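Residue indices begin at 1 and follow the sequence shown. All of these numbers come straight from a predicted model, not from anything done at the bench.
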Amino acid sequence: QPLHVAVARSSLPRIKYLVSRKASMRSRTNCGKKPVDIATDYGRKDVERFLAVYDFTRQFLHSKQPANGLMKRWAFQLGL
């Protein structure tokens with residue numbers, strides 16, 4: 001799983017690229033870890049924060065609730 005490897009070893013722009021290409025953020029390793037779990041294990045606070053905000057924003061924008069100003073700004077910053 002390329003995103004799992006990138007979270008542990010690559011820069012944030014590479015991770016953003018993989019996510020923009022629809023890399024699965026919900027897939028799990030054999031140990032049951034998601035990419036955000038790996039970021040936490042490796043102490044990658046910037047990656048952990050990006051993945052958490054990206055996933056939350058994506059779920060919120062695809063729900064039937066209207067997006068407020070903050071969510072729209074996050075979506076714009078993340079390129080959604």
remark   = All heavy atoms of P35 vs all of S27, minimum pair found to be CD-O, 3.6 Å

request  = Find the distance between CZ (R44) and CD1 (I38) and round it off to the nearest 0.5 Å.
outcome  = 11.5 Å

inquiry  = To the closest 0.5 Å, what do you measure between CD1 (I15) and CE (M25)?
reply    = 10.5 Å

ask   = Is it true that V5 and L18 fall in one hydrophobic cluster, defined by side-chain heavy atoms closer than 4.5 Å?
value = no

query = Are any non-hydrogen side-chain atoms of K34 and L51 less than 4.5 angstrom apart?
reply = no

Rounded distance [0.5 Å steps], SG in C31 versus CG in D37 = 11.0 Å

task = Determine whether V47 and Y42 make a side-chain contact, defined as any pair of heavy atoms from C-beta on separated by less than 4.5 Å.
result = no

task = Hey, could you give me the CG/OG distance between L3 and S10, rounded to the nearest 0.5 Å?
result = 9.5 Å

query = For the residue pair K33 and H4, what are the closest heavy atoms and their distance?
reply = O-NE2, 3.4 Å

